[in-house]
Colleague: 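Could you have a look at this structure, given as structure tokens, before my questions?
Being a predicted model, the structure only gives us computed values, none of them experimental. Protein chains get the first letters and strands the later ones, always in sequence-line order, with residue 1 at the start of each.
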Amino acid sequence: MKGTGGAQPSARTLRATRHNENSGANEEHIKEEEEADRDAPGPLTTSRKQPVKEEPKAETPPKPRKRQKVKKEDPVAAQMVKLAPVPPTAYTGPFPKLMRPSPEECRAARDGLARLHGEPEHAKQIKPDPEAGADSLHTHSQQQVLDSLVRTILSQNTTDNTSHRAFASLKGAFPTWEEVLQAPSGKVEDAIRMGGLAEIKTERIKAILSTLKQERGKISLEYIRDMEDDDIKNELTRFKGVGPKTVACVMMFCLARDEFPVDTHVWRISKNMGWVPAKANRDDTYRHMNIRVPADLRYDLHVLLVEHGKRCARCAKNGKPRKESHGDCPLVNLQGSAPAKDLLDEDIVKEEAKDMEEDDIVKQEVKVKEEVAS
DNA sequence: TTGGCCCCTGAATG
DNA sequence: ACATTCAGGGGCC
């Protein structure tokens, strides 16, 4: 009922058409310069800050960072931040002082989990193979990205089993996306009903198909294969029903990018392990882990943590695994393996949590002041 | 900003 | 054996 009210994708669609071409690359460079600048221990600390800020190009830095903003507005606080220990690598996430999971810990977790659950299967990349020529593989890859996106949308709010069935059922009923777009919504809903939220998902999928056809004359997402990571994220999240986790999955599974999707299992285990503060939300966890987990471990670690989260009595939600156990949890050893460092990490986690609370207080004070002023 | 809501499956509980 | 309850799953408002 509620979901049907938004039959107009136009607002979002319009908003999105503007981030194309070069902007992403520029922002990247600016960001890198900023970070390099901040990391430099040299004495030139006071001379900067204006030039970058006034850069006319970077008018709207859209989303990242939120609590740091509060600190930066206060010059004194900004100084203190500058003096605080800075990680060796540039860090733009929400928990700068939290160094876990270390690369070694990630590696150990991956290896331990792989020993328990087996080595993750890496999907063969469907790249246009020059030797293969233009054959059916190519035709298949035409819709591969869109398939992956729809598959992931269908997996939202439901288990693997039912979402696979829903996707198969949809494909069976409507072999091409054009047919899905033309079909009455009721028929599409019937095809995916077993996955849950059929009305909502149908509306969202059709909106995507319709937008693609309208904008590009072709119901395909293959064009994002060549785009930069940030551009892909902008391009996909503009669609209603496509959030960060869905995009990360498409990018990691289908496009082989170095993404680390944070689903409910990864989120829960990350908190339990102290890799993020216990009160971290999913988005902050995503941003932290995508920096801390080494790129070459992200795929394996994601797949293994999800599997582990379903099977391990210790790591499953409420201690109730949904699938049969494969054995003792290898993650237990990680926390105890480096005692001195561990204490430090725990302290850091607490410190981060405290920082967050303090920031909240500051924010509230600011808000109160604003309200009083107005 | 947070948490309630969306809805079907299948396991758990009565 | 059947009926009922409830967790799971991500995004939106």
Side-chain angles (χ1 to χ4, degrees), chain A residues 1-9 11-13 15 63 65-67 69-70 94 148-170 185-186 188-205 207-208 233 236-253 259-270 278-286 302 305-313 315-325 356-357 359-368 370-371:
Chain A
M1 355 223 110
K2 217 172 179 187
T4 53
Q8 313 85 345
R12 277 179 152 261
T13 308
R15 200 194 314 156
K63 43 188 177 173
R65 63 177 162 218
K66 5 180 194 181
R67 19 184 165 282
K69 213 191 310 176
V70 176
S148 174
L149 180 63
V150 173
R151 202 185 287 275
T152 311
I153 289 172
L154 288 176
S155 80
Q156 294 166 4
N157 312 94
T158 195
T159 52
D160 282 353
N161 183 28
T162 51
S163 77
H164 289 152
R165 283 168 51 206
F167 186 77
S169 166
L170 180 65
S185 292
V188 180
E189 287 163 21
D190 288 344
I192 65 172
R193 194 167 306 282
M194 71 279 280
L197 306 174
E199 196 181 325
I200 291 170
K201 287 176 181 175
T202 294
E203 185 192 333
R204 292 174 179 177
I205 290 166
I208 292 170
K233 291 176 189 177
L236 294 183
T237 51
R238 69 194 169 108
F239 295 119
K240 191 173 188 176
V242 180
K245 193 267 180 177
T246 299
V247 172
C249 281
V250 171
M251 289 177 71
M252 190 187 76
F253 285 113
E259 280 285 308
F260 187 76
V262 172
D263 75 339
T264 181
H265 300 288
V266 175
W267 184 25
R268 184 183 62 252
I269 296 175
S270 295
K279 62 177 285 192
N281 62 31
R282 215 174 53 216
D283 192 52
D284 284 344
T285 303
Y286 167 74
H302 168 88
L305 284 173
V306 172
E307 178 72 8
H308 191 63
K310 293 173 182 172
R311 292 190 185 272
C312 173
C315 299
K317 179 146 192 200
N318 301 330
K320 293 179 181 177
R322 304 192 65 71
K323 296 168 87 175
E324 193 186 354
S325 169
M356 290 174 73
E357 281 167 23
D359 285 347
D360 289 345
I361 291 170
V362 171
K363 270 184 205 164
Q364 290 212 337
E365 284 172 355
V366 169
K367 199 189 282 180
V368 169
E370 283 173 356
E371 284 172 0

Colleague: Might you list the N or O atoms of the protein lying below 3.5 Å from N or O atoms in nucleotides 10-14 of chain B, with each pair's distance?
Modeller:
{"residue": "B/dG10", "atom": "OP1", "partner": "A/Asn161", "partner atom": "ND2", "Å": "3.4"}
{"residue": "B/dG10", "atom": "OP1", "partner": "A/Arg165", "partner atom": "NH1", "Å": "2.9"}

Colleague: Could you give the side-chain donor-acceptor pairs of residues 188-195 of chain A under 3.5 Å, partners two or more places apart or in another chain?
Modeller:
{"residue": "A/Asp190", "atom": "OD1", "partner": "A/Arg193", "partner atom": "NH2", "Å": "2.7"}

Colleague: Report the residues that fulfil side chain to side chain donor-acceptor pair (under 3.5 Å) with A/Lys245, sequence neighbours left out, ordered by chain and then residue number.
Modeller: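 Applying side chain to side chain donor-acceptor pair (under 3.5 Å) to A/Lys245 gives none.
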Colleague: With A/Ser155, which residues qualify under side chain to side chain donor-acceptor pair (under 3.5 Å), at least two apart?
Modeller: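 Counting only residues at least two positions away or on another chain, A/Ser155 forms no side chain to side chain donor-acceptor pair (under 3.5 Å).
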Colleague: To the nearest Å, how far apart are A/Arg193 CZ and B/dC7 P?
Modeller: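 To the nearest whole Å, that distance equals 10 Å.
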Colleague: Under a 4.5 Å cut-off applied to non-hydrogen side-chain atoms, are A/Val262 and A/Arg282 in contact?
Modeller: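 They are in side-chain contact.
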Colleague: Under the rule for salt bridge (Lys or Arg N to Asp or Glu O under 4.0 Å), what residues qualify as partners of A/Arg311, not counting sequence neighbours?
Modeller: A/Glu307
Colleague: Taking only residues two or more places apart in sequence or in another chain, which ones pass side chain to side chain contact (heavy atoms under 4.5 Å, CB included) with A/Ile208?
Modeller: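 Partners of A/Ile208 by the side chain to side chain contact (heavy atoms under 4.5 Å, CB included) criterion, ordered by chain and then number, come out as A/Leu146, A/Leu149, A/Ile153, A/Leu212, A/Phe239, A/Val242.
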Colleague: Which residues pass the side chain to side chain donor-acceptor pair (under 3.5 Å) test with A/His302, sequence neighbours left out?
Modeller: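 Partners of A/His302 under the side chain to side chain donor-acceptor pair (under 3.5 Å) test: none.
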Colleague: Starting from P on C/dG10, measure out to CZ on A/Arg268 and report it in whole angstrom.
Modeller: 10 Å
Colleague: Which part of the nucleic acid does A/Gly195 contact within heavy-atom distance under 4.0 Å: base, sugar-phosphate only, or nothing?
Modeller: nothing
Colleague: Expressed in angstrom and rounded to an integer, what is the separation of A/His265 atom NE2 from C/dA7 atom P?
Modeller: 15 Å
Colleague: In whole angstrom, what separates A/His164's NE2 from B/dC8's C1'?
Modeller: 16 Å
Colleague: Nearest to the side chain of A/Arg282, heavy atoms from C-beta on, is which of C/dG10, B/dT9, C/dC13?
Modeller: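 In terms of side-chain proximity for A/Arg282, the closest of C/dG10, B/dT9, C/dC13 is C/dG10.
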Colleague: Between C/dG11 atom C1' and A/Asp283 atom CG, what is the distance in whole Å?
Modeller: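 Result: 12 Å.
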Colleague: Could you work out, with side chain to side chain donor-acceptor pair (under 3.5 Å) as the rule, every residue matching A/Thr246, not counting sequence neighbours?
Modeller: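 For A/Thr246 the side chain to side chain donor-acceptor pair (under 3.5 Å) partners, ignoring immediate neighbours, are A/Gln156.
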Colleague: For C/dG8, does OP1 or OP2 lie under 4.0 Å from any side-chain N or O of A/Lys317?
Modeller: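 For A/Lys317, the contact criterion (side-chain N or O under 4.0 Å from OP1 or OP2 of C/dG8) is met.
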Colleague: Rounding to a whole Å, what distance do you find between A/Gln156:CD and B/dC6:C1'?
Modeller: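 So the CD-C1' distance, A/Gln156 to B/dC6, works out to 12 Å.
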Colleague: Is it true that a side-chain atom of A/Ser169 and a backbone atom of A/Arg165 form a donor plus acceptor pair closer than 3.5 Å?
Modeller: no
Colleague: With a 4.0 Å cut-off on heavy atoms, is A/Thr246 in touch with a base, just the backbone sugar-phosphate, or nothing at all?
Modeller: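 It contacts sugar-phosphate atoms only.
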Colleague: On the nucleotide B/dC8, are OP1 or OP2 found under 4.0 Å from the side-chain N or O atoms that A/Lys201 carries?
Modeller: no
Colleague: So what is the end-to-end bend of the helix from B/dG3-C/dC13 to B/dG14-C/dC2, with 5 pairs used at each end and the value given to 10 degrees?
Modeller: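 The end axes of the helix from B/dG3-C/dC13 to B/dG14-C/dC2 are about 50° apart, to the nearest 10°.
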Colleague: Nearest whole angstrom, please: distance from the C1' of C/dG10 to the CZ of A/Phe239.
Modeller: 18 Å
Colleague: Starting at atom CE of A/Met194, determine the distance to atom C1' of B/dT9, rounded to an integer number of angstrom.
Modeller: 11 Å
